[in-house]
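Values reported hereafter were calculated over all heavy atoms of this structure, with side chains retained and with hydrogens, waters and symmetry mates removed.
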Amino acid sequence: MIKERKWWVALLLQFYFGSGYIYLGRPVRLAAYVVFLIFSAVAGLLPPPDLVEVRIYTFGISAAMMLVSVFVLVDAIRLAFLQKDYKLRPYNRWWVYLLYWTAMSVAYGAAMFMAAPNLKIPYYAAPYTENAPGLIPGDTIFAEICDGPCSDLRRGDMIVFNIPELGRRTYIRRIIGLPGDLIQIQNGIVVLNGTPLKTQRLPDDFKFTDFFNEQLVRSQYEEAFPNGRKHLILRQNLKGTIVHTNPYRVPEGRYFVMGDNRDNLTDRELIRNVGSISAEHIFAKASFIYWSDDLSRIGTLINP
């Protein structure tokens, strides 16, 4: 039987695991597309090769997926226009499409179910202002998932972790103190092993919009660790910050963390109820801003 291929039907079917290629009689192209989907999914979950920077690796995979997705859509439209007199194949039956969709859905669901207990998605949104100015609402970060317990953690690293004691699933904070460090806050200034961290006021204030769409202006400071690493923090006044704490010795196997926006109230809860973060709950290191409502922030390194 001869039957014209409609371009809009082919286009819509492509969104269902590339099944437009069944409609167009191109099983080899369908197989190649399925292989690409599997390869890109696996590559997205694997760490980048040692010689490739994580930003290049991540953006490369994303660009490849986008280009291939556009190609298969355009290709389906082109093939439909070229096949006005299409001879139906034995597999051009409704039940073949249903069988293919079911098989792909079951395979995808089974893979996600088996991977779910150990799968940690490397993308995290920053819905709040706890880490401003480094991270603000609208930013989405890419985090490097640790293979087992995170090692080689340094003061100044921005990490991703869970706190079962507080029930909240995921936090992003900066490491201030390592195991064995003595931490105290005096007049809003972090004192590390008896020495206040160097803090320098910057001339320009930081303007941003919070989760509730309120326009905020905060004073910016540059905070420096003894290891030479520097980062920016925000502080409005001592009323909104953690002004004073007793000296706290960070236990072995734990890390003391804070947000860069020292006016945030969540850090009070962390310090009061948890004190420090167990190493076993740290599962990723923030790498760079993958996406942002402010396009100029895309690609910004978080842990340079």
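The salt bridge (Lys or Arg N to Asp or Glu O under 4.0 Å) check on Asp294 picks up nothing, with sequence neighbours excluded. Listed by chain and number, the residues in a side chain to side chain donor-acceptor pair (under 3.5 Å) with Glu280 amount to none (sequence neighbours excluded).
Formation of a donor-acceptor pair under 3.5 Å by the Arg155 side chain with backbone atoms of Phe225 is not found in this model. Judged by distance alone, the side chain of Gln220 and the main-chain N or O of Asp204 form a donor-acceptor pair under 3.5 Å. The closest donor-acceptor contact from the side chain of Gln14 to the backbone of Leu73 lies at 3.5 Å or more, if one exists at all.
Tested against Asp260 for a salt bridge (charged side-chain N to carboxylate O under 4.0 Å, His left out), the candidates Arg173, Arg174, Arg218 yield a single pass: Arg174.
A salt bridge is absent between Glu223 and Arg235; no separation between the charged side-chain nitrogens and carboxylate oxygens falls under 4.0 Å.
Follow the hydrophobic side-chain contacts under 4.5 Å out from Val28 and you never reach Leu13; the two are in separate clusters. Under the 4.5 Å side-chain heavy-atom criterion for Ile, Leu, Val, Met, Phe, Trp and Tyr, Ile233 and Leu301 are members of distinct hydrophobic clusters.
Between the CZ atom of Phe17 and the OG atom of Ser105 there is a distance of 4.5 Å, given to the nearest 0.5 Å. Here Ile136 contributes atom CD1 and Asn131 contributes atom CG; the two are 11.5 Å apart, rounded to the nearest 0.5 Å. Note that the OG atom of Ser292 and the CD1 atom of Ile141 stand 12.0 Å from one another [nearest 0.5 Å].
Summarising the hydrophobic clusters (Ile, Leu, Val, Met, Phe, Trp, Tyr; side-chain heavy atoms under 4.5 Å, direct or chained), the residues clustered with Tyr86 are Met1, Leu88. Summarising the hydrophobic clusters (Ile, Leu, Val, Met, Phe, Trp, Tyr; side-chain heavy atoms under 4.5 Å, direct or chained), the residues clustered with Val74 are Val70.
More than 12 non-hydrogen atoms from other residues, nucleotides or ligands lie less than 6.0 angstrom from CG of Asn227. For Tyr16, the OH atom sits in a loose shell: 12 or fewer heavy atoms of surrounding residues, nucleotides or ligands are nearer than 6.0 Å.
Taking the ring centre of Tyr221 as origin, the terminal cationic atom of Arg201 falls inside the region bounded by 6.0 Å and 45° from the ring axis.
Between Tyr248 and Phe256, the ring planes are tilted. Angles from 30° to 60° get that label.
Within the structure, every pair that satisfies the side chain to side chain donor-acceptor pair (under 3.5 Å) test and touches residues 27-37, not counting sequence neighbours, is listed here: Arg29-Asp75. The list of side chain to side chain donor-acceptor pair (under 3.5 Å) pairs with a residue in residues 60-69, not counting sequence neighbours, reads Ser62-Tyr290.
When every heavy atom of Tyr100 is checked against every heavy atom of Leu30, the shortest pair comes out as OH-CD1, 3.3 Å. Across all non-hydrogen atoms, the minimal contact from Arg297 to Pro133 is NH2-O, 3.3 Å.
Aromatic rings from Tyr21 and Tyr23 are positioned such that their centres are separated by 6.0 Å or more.
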Full working for salt bridge (charged side-chain N to carboxylate O under 4.0 Å, His left out) between Arg229 and Asp157: CA-CA 9 Å; Arg229 302 186 77 181; Asp157 282 346; 2.6 Å; yes

Leu197 and Val191: CA distance, side-chain angles, deciding distance, side chain to side chain contact (heavy atoms under 4.5 Å, CB included) verdict: CA-CA 6 Å; Leu197 295 185; Val191 179; over 6 Å; no

